[in-house]
A.B. asks: 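Take a look at this one; I'll ask things after.
For clarity, every value in this text was computed on a predicted model and none was experimentally measured.
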2 protein chains.
Amino acid sequence: MSEATAKQGPDTRARILNAAESLFMTHGFEATSMRMITGQAEVNLAAVNYHFGSKDALIQEVFRRRLTELNRDRLGALEAEEALANGAPLKPSKIVAAFFGVSLKMAADTEHGGATFMRLLGRTYTEPNEFVRQFLAEEYAEVVQRFMSALYRALPDVPREEILWRFHFMMGAMSYAIAGTDALQLFAGDFDDEDPTRLMPRLMSFLLGGLRAPLPEEVIESRAIRRDAA
Amino acid sequence: MSEATAKQGPDTRARILNAAESLFMTHGFEATSMRMITGQAEVNLAAVNYHFGSKDALIQEVFRRRLTELNRDRLGALEAEEALANGAPLKPSKIVAAFFGVSLKMAADTEHGGATFMRLLGRTYTEPNEFVRQFLAEEYAEVVQRFMSALYRALPDVPREEILWRFHFMMGAMSYAIAGTDALQLFAGDFDDEDPTRLMPRLMSFLLGGLRAPLPEEVIESRAIRRDAA
DNA sequence: ATCCTGTTCAAACGTTCGTTTGAATCATAC
DNA sequence: GTATGATTCAAACGAACGTTTGAACAGGAT
């Protein structure tokens, strides 16, 4: 049989994953039913359970296929910078650019659904669902550890706890910006769907400004006290 | 009948609102059923529909009762600063402190459920549910408009579009920090539930650093060009 | 005692959910 | 052709959902 006559479209698995990804983004996990997914994918209702086993397993697979690539790229960008640095500590801006630049690059990819996924991911960071969160943590474990080590080396004078907090804040700013829900309708009608490439320099300025901000007095004081005691 | 013998606990409405608030935070809106709510509140299943009409109306009321107070306090803090300034433009740090300081103050209130609500609110900013988002936008309309006006006055040389973006970023960093899901388990075990009052100076340093960061080159260039053309 | 209004209660409503089933259909190898 | 394993299909499953119902109960005024 000629390849062109294969029932319809690409294989069922991919059709399901793509439909699920966009529906999860629009409606959330719980509010997206199997019937909505199989309807949009134009496959039979039973196909999800046949190919993935369960709805939860489908959710995991939606994330796994993208996150594997995303985190590989992030590590790749970090390693490229480290290779250039020849063992010297990296500049913080390079580290931040490696992590968030790759994220924003995927968020700008509207061709292959990367943008859809990043918006979904941004929402999922605040998802209460326990098994989703555990899965996210596992997928991120290595990349978080590597980037944190790089930041610790880059900022030896800043307490590690503070670096953790600021990375946390940066993750929040990025997620929110990419998810782009604009729940408060700040951009009332004006810039509803901006070109996401223009987001990159804006976000990067903001993140680096936050990262480089002077430490709060409280922290400085406690460090001064510690230094005095020594 | 003596007041102490009234069936059980305080009135049914408040019991339902409190139970719903904490369950929504833990499980999300969709995953929280009426039976879970009435079970935790120890009231009859039909009580929600009797007192509120529907589940959606209950969700709205959960937010309304807190947001009304929160946004009143935010406006109050802003007006207090404006009164001190005597018509002069406010310093950006004062404006940011008015908005986010009030938020963090509520987030630190574990006594009356304010902390629970702020974590719920942080998650809700990324909630896809349409009617929730519309409701949020309405509740925030006035306070957003007032704070934006103040920021425009405070930063007359910064393009308004840039101010909008940075406020957007700040909202993201705060929401994420307060929701505190730590999906990536950055703080693996170490600081699971930190004292939220210590969050305040850290977040404020970060936010102000981001707000005051130099504009991205792209924006500066386009402004220079515009100035040249004039 | 009687009525009235507000509230609680157990039970049921119809709908939708995720999942399972067993037969039908396909592609391929013999 | 026929057998084999993978996939699709229509139909049904039990469970859980939000909501409605009508009776039971409460306290206060007449």
A.B. asks: Starting at atom CG of A:Asp56, determine the distance to atom P of C:dC17, rounded to an integer number of angstrom.
C.D. replies: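 It works out to 16 Å between those atoms.
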A.B. asks: Without decimals, in angstroms, what is the distance between B:Met34 CE and C:dA11 P?
C.D. replies: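 These atoms are roughly 19 Å apart.
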A.B. asks: Grab the CG-C1' distance between B:Asp11 and C:dG6 for me, whole Å please.
C.D. replies: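 Between C1' of C:dG6 and CG of B:Asp11: 13 Å.
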A.B. asks: Compare the minimum distances between each of C:dT8, C:dT19, D:dC9 and the side chain of B:Tyr50, then state the nucleotide with the smallest one.
C.D. replies: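 When the side chain of B:Tyr50 is considered, C:dT8 is the closest of C:dT8, C:dT19, D:dC9.
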A.B. asks: Distance check needed: D:dT8 P versus A:Arg13 CZ, whole Å only.
C.D. replies: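 Spelled out: CZ on A:Arg13 to P on D:dT8 is 11 Å.
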A.B. asks: Once you apply a heavy-atom cut-off of 4.0 Å, does A:Ala46 come out as touching a base, just sugar-phosphate, or nothing?
C.D. replies: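 Touches a base.
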A.B. asks: Grab the CG-C1' distance between A:Asn49 and D:dA10 for me, whole Å please.
C.D. replies: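 Going from CG in A:Asn49 over to C1' in D:dA10 covers 15 Å.
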A.B. asks: In whole Å, what is the span from the CG atom of B:Leu45 to the P atom of D:dT19?
C.D. replies: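 Atom CG in B:Leu45 sits about 10 Å away from atom P in D:dT19.
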A.B. asks: B:Thr38 near the nucleic acid: base, sugar-phosphate alone, or nothing, with a heavy-atom cut-off under 4.0 Å?
C.D. replies: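 Nothing: the residue B:Thr38, judged by heavy atoms under 4.0 Å, touches no strand.
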A.B. asks: Provide the closest heavy-atom pair for B:Arg166 versus A:Phe206 in the form atom of the first, atom of the second, distance.
C.D. replies: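 So the two residues come closest at O-CE1, 3.9 Å.
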A.B. asks: Once rounded to the nearest 0.5 Å, what's the spacing between atom OH of A:Tyr176 and atom OH of B:Tyr125?
C.D. replies: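 Between A:Tyr176 OH and B:Tyr125 OH, I get 6.5 Å after rounding to 0.5 Å.
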A.B. asks: Reckon B:Ser33 has a side-chain N or O less than 4.0 Å from the OP1 or OP2 of D:dC17?
C.D. replies: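 Result: yes.
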A.B. asks: Given D:dT8, D:dT19, C:dT20, identify the nucleotide with an atom nearest to the side chain of B:Lys55.
C.D. replies: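 The answer is D:dT19.
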A.B. asks: Where the side chain of B:Arg35 is concerned, which of D:dT19, C:dT7, C:dT20 is the nearest nucleotide?
C.D. replies: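 Nearest nucleotide to the side chain: D:dT19.
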A.B. asks: Mind calculating the distance between CD (A:Glu30) and P (C:dG18) to the nearest angstrom?
C.D. replies: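 After rounding, the gap between these two atoms is 9 Å.
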A.B. asks: Taking B:Glu69 first and then B:Arg72, would you say they form a salt bridge - that is, a charged N and a carboxylate O separated by under 4.0 Å?
C.D. replies: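 Looking at B:Glu69 and B:Arg72, the cut-off is not met.
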A.B. asks: Name the residue closer to the 5' end of DNA chain D, choosing between A:Asn44 and B:Phe29 according to the nucleotide with the nearest heavy atom.
C.D. replies: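 Upstream on the strand: A:Asn44.
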A.B. asks: Going by an N to O cut-off under 4.0 Å, is there a salt bridge joining B:Arg202 and A:Glu161?
C.D. replies: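 Yes, B:Arg202 and A:Glu161 are salt-bridged.
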A.B. asks: For A:Phe99 and A:Phe167, I'd like to know if the aromatic rings sit close, meaning centre-to-centre distance below 6.0 Å.
C.D. replies: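 Centroid separation for A:Phe99 and A:Phe167: below 6.0 Å.
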A.B. asks: Output the rounded distance in Å from NE2 (B:His51) to C1' (C:dT7).
C.D. replies: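 Spelled out: NE2 on B:His51 to C1' on C:dT7 is 6 Å.
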A.B. asks: Is A:Thr12 near enough to D:dT7 that one of its side-chain N or O atoms lies under 4.0 angstrom from OP1 or OP2?
C.D. replies: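 False: A:Thr12 side-chain N/O out of range (4.0 Å or more) of D:dT7 OP1/OP2.
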